[in-house]
Structure formats: C-alpha cells, structure tokens
Amino acid sequence: SLVHGVLIALMVAGCMLLAEFAALRVRRVALVRAGRQAYLMGTIALSGAALVNGFAVPALVTSSAADASGIDAALALAWQLNQALAAAGSIGLAAGIGIWSFDLLRGNGPGRLVGGYGVLMATGLILALAGGWLHLDVRGMLLTLVLLAAWQAAAGALLLRGDPADPPGAAATGSRN
C-alpha cells in the first residue's frame, strides 16, 4: 500500500509540474493543450490501477470476504481492472508526452533532442502496449515508468534553462502564436 500511495503522489506531482510545462507552451500551440489532456487522463487511469492493486486488493484479502468462495474470481477481476487501467494510463501518458514532443521539435537546440526522444519513445511505447508486446507486470511497468521519467527529467531541464514557451523566431516577429 505504501508503494502504491507513493506512486499516486508522484504521479499527481508529475502531472502538476508537467501542467506548468504545458501552460508555458500553451500560448502557442493547440497540440499542447491536447497533450495536457491526454497526460491528465493517463494520470487518472494509472492512479486507478494503483488504487486497485495497492488498496482495494489488500483490503479485500484481509476482509471477512476473503474466506468466501468467490475470492479467486474477485482477485482475478481486480487484476484485470489493474491491467486495463495501467495500460490505458500508460498510453495516455505516452500520448501526452508524444504530443508535447511534436511541439518541441519545432524549436531549436536541446528542445529538439527532447522532442525527438519523446516522439520515438511515445510511439514505441504505445505500439508495444497496444500490440500486446509489452505486459505491465512489475518489470514492464518499471520499464514504462523509466522511459516516461527520462522524458520528464529532460523536460524539467528545459524548464530550468528558461521559458520553453518562446517559439523559434518569436522575438523577431513579436508573435507568440
């Protein structure tokens, strides 16, 4: 339960920080708003997966219903709910990052590198999950989170370097759109 609670807290914090990243860029691109929405939906779904495995299943196992004849069916249902929510959430996070990354590709310098990684990572992750090649057991989920976190760390580094909302040539044209 502690691991899943920490996971939920980290996902919410990450969503809030990436919402700030998107807010700085949203003045320019409607795609960034779509990325924010996809990422938010992914965070909600992944939080649901963590709630199922981290809190609902342990509560079910320790409850008086654990002795009931249907406990195996209930646990199987909980596992399927966890996997469906984890896959939907991971696809949502990857889609959000992929959309934001398309916007980063329009810029110059390190943002283009972050954008390139994000597009490739998000596309690969979505295809692997949708195609059934990546299963979200402990190892698969760890791989997914590491791939996503690498992009998040790079996006954070871009924020630390300065305002990522300035599009290429904005200073010359005076335009932010």
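Just so it is clear, the model here is predicted, and its values are computed rather than measured.
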Look at the side-chain heavy atoms of Ile, Leu, Val, Met, Phe, Trp and Tyr, link any pair under 4.5 Å apart, and say whether [X] and [Y] land in one connected group.
X      : Y      : answer
Leu105 : Met121 : no
Ile71  : Val52  : yes
Leu145 : Leu147 : yes

What are the two closest non-hydrogen atoms of [X] and [Y], and how far apart are they?
X      : Y      : value
Val57  : Ala78  : CG2-CB, 3.4 Å
Gly118 : Trp151 : CA-CD1, 3.4 Å
Val119 : Gly98  : CG2-O, 4.1 Å
Ile91  : Ala130 : CD1-N, 4.5 Å
Gly96  : Ala38  : N-CB, 3.7 Å
Ala122 : Ala94  : CB-O, 3.1 Å

Report yes if the side chains of [X] and [Y] come closer than 4.5 Å at any heavy-atom pair, otherwise no.
X      : Y      : value
Met41  : Leu93  : no
Leu125 : Leu148 : yes
Leu85  : Leu46  : no

For the [atom1] atom of [X] and the [atom2] atom of [Y], what is their distance to the nearest 0.5 Å?
X      : Y      : atom1 : atom2 : value
Met141 : His135 : CE    : NE2   : 14.5 Å
Gln152 : Tyr39  : CD    : OH    : 3.5 Å
Thr144 : Leu129 : OG1   : CG    : 5.5 Å
Leu113 : Leu158 : CG    : CG    : 9.5 Å
Leu136 : Leu143 : CG    : CG    : 9.5 Å
Ile44  : Leu51  : CD1   : CG    : 11.5 Å

Closer than 3.5 angstrom, by distance alone: can the side chain of Asn82 be matched with the main-chain N or O of Ala49 as a donor-acceptor pair?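 Looks like yes, one N/O pair under 3.5 Å.
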
A quick test of your reading: do over 12 heavy atoms of other residues, nucleotides or ligands sit less than 6.0 Å from OH of Tyr117?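 Yes, because the 6.0 Å sphere around OH of Tyr117 holds more than 12 heavy atoms from other groups.
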
Arg106 pairs by side-chain contact (heavy atoms from CB on, under 4.5 Å) with which of Leu104, Asn108, Asp103?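 Exactly one pass, corresponding to Asp103.
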
For Ser90, all residues meeting side-chain hydrogen bond (donor to acceptor under 3.5 Å, both in side chains), sequence neighbours excluded: none

Among all residues two or more places apart in sequence or in another chain, which pass the side-chain contact (heavy atoms from CB on, under 4.5 Å) test with Gln80?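 Not a single residue meets the side-chain contact (heavy atoms from CB on, under 4.5 Å) criterion with Gln80.
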
